[in-house]
Amino acid sequence: MQIGMIGLGRMGGNMVKRLRDGGHEVVGFDMDPDSARDVDSLESLVAALDAPRVVWVMVPAGKPTESTIDGLRELLEPGDIVIDGGNSKYTEDRAHAASLAEKDIKFLDCGVSGGVWGAERGYALMLGGEQETFDHVRPLLETLKPEGEYGLVLAGPVGGGHFAKMVHNGIEYGMMQAFGEGFATMMRSEYIDDAAKTMVSWREGSVVASWLLDLFENATKDDPELRDVPAVANESGEAKWMVEAALELGVPTPATGAALYARQASRGGADDVLRVVTAMRAQFGGHVTKVDEIATH
Ligand SMILES: O=C(CO)[C@H](O)[C@H](O)COP(=O)(O)O
């Protein structure tokens, strides 16, 4: 099948490779002239594709996705299909679908998980949109997903793909935080000789066996105590959206929230909060405020 791919970064570039290896014809475009792009403009991308065209947008969420979809809206024709495979917020999808629908252009939103390993292992794909549009692009999705029964779902109407990905990432936060807490506790205990080796032993047979533990083994091979890794964790925003969405729905999400707060605190988000706690403690109890006198355990 033929497809246009916009965005040839770590994710888009690897997806192009998997699609080509699977026998599909891909025309790639990226704004960066140094990328491995096949065409140098949106216009040339659209001109190189046969109708009904399928165009996959794999650019950063927000402004870049917005302007790409606006550009495609001007260039594509009725019956063409746009897939937003970036990490857009689910609330943006309906507006994108509605503006494209004015020209009878179809829209699917697609959450993509698999990271840099996806080219080799396949990507978990979760989509939102109409069944008929999903069925039309299914050959592409079948190539991108992992081999076997799982890894592909039409999760719901427009927005459902990104909603599912948001929840997936919220779960990812909670799982990684739990592994981190377990590791840190074992690291400090006289009862455990080698925390990394103990965690890695759970890769098989254990209730908590997980691909995340496989990755943990890779990460700790040369640095068993992870001393070369900064104790700061960034975020792309999806766990925050999940906590917000869950609050709207009346669902308490303390595990996801705690993982999110831990990342925000690691970047200094709690500094002013804790200054207040320490200042008040010093006022009412005369407790120490000097960093080198504060116990760390
Ligand atoms: O979707 C992913 C994995 O499933 C991405 O790696 C995503 O960037 C992870 O989120 P964050 O950057 O917030 O940790």
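Whatever order the structure lists ligands and atoms in, that order sets their numbers, starting from 1.
From Ile83, atom CD1 reaches atom NZ of Lys106 across 14.0 Å, with rounding to the nearest 0.5 Å.
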Legend entry - Stepwise side chain to side chain donor-acceptor pair (under 3.5 Å) check, Tyr123 with Arg18: CA-CA 10 Å; Tyr123 301 88; Arg18 191 166 173 92; over 6 Å; no
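With salt bridges taken as basic N to acidic carboxylate O contacts below 4.0 Å, one links Asp272 and Arg275. Using a 4.0 Å cut-off between charged side-chain N and carboxylate O, Arg121 and Asp214 make no salt bridge. In this structure, Lys103 does not pair ionically with Glu74, as no charged nitrogen and carboxylate oxygen lie closer than 4.0 Å.
Residue Glu172 has at least one heavy-atom neighbour below 4.0 Å for each of these atoms of ligand 1: 3 (C), 4 (O), 9 (C). Those atoms of ligand 1 with a heavy atom of Arg263 less than 4.0 angstrom away are 11 (P), 13 (O), 14 (O). Every atom of ligand 1 is numbered from 1 in the order shown, and the set under 4.0 Å from a heavy atom of Asn169 is 1 (O), 2 (C), 4 (O), 7 (C), 9 (C), 10 (O). Near Tyr173, the atoms of ligand 1 lying under 4.0 angstrom from a non-hydrogen atom of the residue are 11 (P), 13 (O), 14 (O).
The N/O atoms of Asn87, backbone and side chain alike, include none that comes under 3.5 Å of an N/O atom in ligand 1.
Distance check for atom 11 (P) of ligand 1: a protein heavy atom is found below 4.0 Å.
Between the Arg263 side chain and the Glu235 main chain, no donor and acceptor come within less than 3.5 Å of each other.
The protein heavy atom nearest to atom 8 (O) of ligand 1 is Ser236 OG, 3.4 Å.
The part of Lys165 lying near ligand 1 is the side chain, judged by heavy-atom distances below 4.0 Å.
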